[in-house]
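Written out below as C-alpha cells is the structure these notes cover.
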Amino acid sequence: MCTRMLKKSVILGSHMVSGELVFIAPYAHRRYYSKSGKLNGKRGSRWFHRMWAARKDTIVREVKNYARSGISRLRT
C-alpha cells in the first residue's frame with residue numbers, strides 16, 4: 001500500500017522559505033540512509049545527493065535565471 005506519507009511529511013514539516021527540508025515521519029532517517037528495499041532505476045537511498053549529482057547544472061542555471069529575473073523586476 002502506497003500512502004505517500006514520506007512525501008506528505010516533508011511538506012508538513014518544512015518551511016519552504018528557509019530552504020531546509022524537514023521530514024517529520026519517524027522512519028524518514030532510516031529510509032534515507034538504508035540500502036534495503038527496491039533499488040532499481042532511480043530508487044534508493046540518499047536521493048537528494050543522487051538528484052544533485054544528476055541535475056546540478058540545471059539547478060544552478062535555473063536559480064541564476066530566477067535571481068536575474070527578480071533583480072530586473074526590482075529595477076522597473
* Are the side chain of Ser9 and the backbone of Phe23 linked by a donor-acceptor contact shorter than 3.5 Å? -> no
* Looking at Gly13 and Val22, what are the two nearest heavy atoms and their distance? -> O-CB, 3.3 Å
* **Value rounded to 0.5 Å, distance of CZ in Arg61 from OG1 in Thr58** => 4.5 Å
* Structure fact -> Taken in chain and number order and not counting sequence neighbours, the residues that satisfy side chain to side chain contact (heavy atoms under 4.5 Å, CB included) with Asp57 are none
* Only counting residues at least two apart or in another chain, list the ones meeting side chain to side chain contact (heavy atoms under 4.5 Å, CB included) with Val60. => Trp52, Lys56, Lys64
* Asked: Excluding sequence neighbours, so at least two apart, what forms side chain to side chain contact (heavy atoms under 4.5 Å, CB included) with Arg30?
  -> Tyr27
* Got a second to check how far Arg50's CZ is from Arg55's CZ, nearest 0.5 Å? -> 10.5 Å
